[in-house]
Number of protein chains: 2
Amino acid sequence: MELPPIDANAADSRQRLIQAAAEMFMKEGYRASIERIASCAGVARQTVYNHFSSKDDLFSEVANIAAGTILISLDGEEEEVRERLLRFALALRRRVLGEEGLAMFRAIAAEAPRFPALGRAFFVKGPEQTLSRLAAFLAQAMEEGKLRRDDPRFAAELLISMLEGFERLRRLFGADPSPEVQEEEQAARIVDSFLRAYRPSLEGSAHG
Amino acid sequence: MELPPIDANAADSRQRLIQAAAEMFMKEGYRASIERIASCAGVARQTVYNHFSSKDDLFSEVANIAAGTILISLDGEEEEVRERLLRFALALRRRVLGEEGLAMFRAIAAEAPRFPALGRAFFVKGPEQTLSRLAAFLAQAMEEGKLRRDDPRFAAELLISMLEGFERLRRLFGADPSPEVQEEEQAARIVDSFLRAYRPSLEGSAHG
DNA sequence: TATAGACTGGACCGTACAGTCCACACCCAA
DNA sequence: TTGGGTGTGGACTGTACGGTCCAGTCTATA
């Protein structure tokens with residue numbers, strides 16, 4: 001409509017395009033049309049094909065980029081295990097249960113059967129990476145006797161599952177928004193439950 | 001094509017239609033066209049509109065019916081808590097992580113933003129119901145001193161999350177199929193981790 | 001045998017969309 | 001000044017789809 005034909009440095013349009021496409025794909029899924037994406041980026045439809053060979057191509061590109069933004073850090077060497085896990089928990093939930101995270105989840109999960117490579121790439125860049133980092137952290141904590149010795153990857157899966165699990169279902173399907181207020185309390189409860197299961201064994205082997 | 005114009009009792013076509021629609025919607029999501037659904041049910045397209053007012057209507061109907069099939073029972077009054085949880089765990093995972101369960105999950109999650117009522121209905125009929133039953137069971141076990149006293153709904157959320165959580169991610173995005181063989185072992189490990197966190201408190205209050 | 005209801009198959013309409021083509025405008029560097 | 005690279009807007013093609021209409025057929029029931 002009223003787009004200024006001014007500068008808009010060459011390569012810039014590609015960026016705006018990706019940005020807009022990400023937004024639209026998250027909002028509408030693969031349904032988002034090239035037309036709308038282009039106009040949302042303030043760009044002619046032809047320009048889209050100038051940068052990407054097809055809609056699939058654009059979608060893959062965007063999804064791949066988006067997948068790389070899910071990493072959660074576990075830094076803070078000084079703190080106690082519980083504090084670090086708590087920070088991790090909060091960051092993970094904010095990222096993964098936020099509107100953007102949910103939208104991306106929906107969009108990619110829906111198309112995974114048609115784009116197997118994309119689905120796998122997303123998983124490897126996102127959840128798998130997060131899992132590995134957490135597992136490494138837990139492994140060290142186990143090494144130091146701060147957690148019960150056990151398979152750290154399995155433990156990491158459990159914690160991540162608890163953090164994302166049911167709340168993701170709830171939001172994915174639009175059930176009651178679940179009061180954002182108690183976000184920290186929720187995370188703390190979960191982390192504490194995890195710690196209870198992985199407390200260093202005080203007793204010998206009370207378990208058959 | 002080769003459809004037999006024989007009997008096919010009146011109301012039967014509706015059943016076949018729903019059946020076929022479920023299959024197609026799970027396979028292709030909302031993308032599945034009326035045309036294909038009809039032909040897959042061995043029925044004329046007009047017949048679809050004979051029973052449903054629109055594609056949305058058909059989709060909602062199918063999703064609603066499908067949602068009602070997710071309940072997992074916790075019967076077996078005689079067994080120990082661990083055994084019953086284990087049976088529950090296996091049943092839940094089989095149902096929810098099976099091809100059908102995943103497909104339904106994908107289809108409904110993807111359309112939930114456009115069909116808010118449907119999303120909520122699915123959640124209430126499915127996960128929410130399962131959660132309630134499990135919570136009731138856990139509450140009783142707590143009452144009987146077989147589990148540590150705590151909020152049973154929260155505990156149920158944790159267990160369900162652990163059972164579905166990461167494995168669902170893996171399969172949803174098409175990562176390595178995860179050897180079906182160790183299905184029981186996996187379930188057992190998770191249940192045991194849960195029981196460890198909810199073991200009746202042997203010690204007083206070692207936790208601040 | 002007559003009548004009503006359900007199903008068929010195919011024509012038809014309007015729309016949305018992916019992707020292509022082209023004539024023109026702009027900007028930058030040679 | 002000139003020419004190539006990039007973007008523009010709009011026309012165009014082909015396809016898929018949702019939804020409607022209808023003429024005809026079959027079946028069961030009265």
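Quick note: numbers below take in every heavy atom, side chains included, and nothing from hydrogens, waters or symmetry partners.
- A donor atom on one side chain and an acceptor atom on the other are found under 3.5 Å apart for Ser73(A) and Asp75(A).
- In this entry the distance linking CD of Glu35(A) with C1' of dG9(D) reads 10 Å, nearest Å.
- At most 12 non-hydrogen atoms from other residues, nucleotides or ligands lie less than 6.0 angstrom from CD of Gln19(B).
- In this entry the distance linking CD of Gln46(A) with P of dA11(D) reads 15 Å, nearest Å.
- One atom, OH of Tyr49(A), and another, C1' of dG7(D), lie 16 Å apart when rounded to the nearest Å.
- Rounded to an integer number of Å, the gap from CZ of Arg45(B) to C1' of dG10(C) is 9 Å.
- Not one side-chain nitrogen or oxygen of His51(A) sits closer than 4.0 Å to the OP1 or OP2 atom of dT6(D).
- For Asp57(A) and dA18(C), the CG to C1' distance is 14 Å, given to the nearest whole Å.
- In terms of phosphate contacts, Thr47(B) brings a side-chain nitrogen or oxygen within less than 4.0 Å of OP1 or OP2 of dT8(C).
- Rounded to an integer number of Å, the gap from Glu28(B) CD to dA16(D) P is 13 Å.
- The side chain of Asn50(B) lies closest to dC7(C) when the candidates are dG19(D), dC7(C), dG7(D).
- At a threshold of 4.0 Å, the pair Arg93(A)-Glu183(A) counts as salt-bridged, since one of the basic side-chain nitrogens sits closer than that to a carboxylate oxygen.
- Spacing between atom CE of Met24(A) and atom P of dA16(C) amounts to 14 Å, rounded to whole angstrom units.
- How far CZ of Phe25(B) is from CD1 of Ile18(B): 11.0 Å, rounded to the nearest 0.5 Å.
- At the heavy-atom level, Arg31(A) lies nowhere under 4.0 Å from the strands shown.
- One interatomic measurement links the two molecules: CZ of Phe52(B) to P of dT20(D), which rounds to 15 Å at whole-angstrom precision.
- Of the listed nucleotides (dG19(C), dC7(C), dC17(C)), dC7(C) has the atom at the smallest distance from the side chain of Ser13(B).
- Taking only side-chain atoms of Ser33(A), from C-beta outward, the nucleotide of dT8(D), dA18(C), dG18(D) with the closest atom is dA18(C).
- Close placement of the Phe173(A) and Phe105(B) rings is indicated, their centers lying within 6.0 Å of each other.
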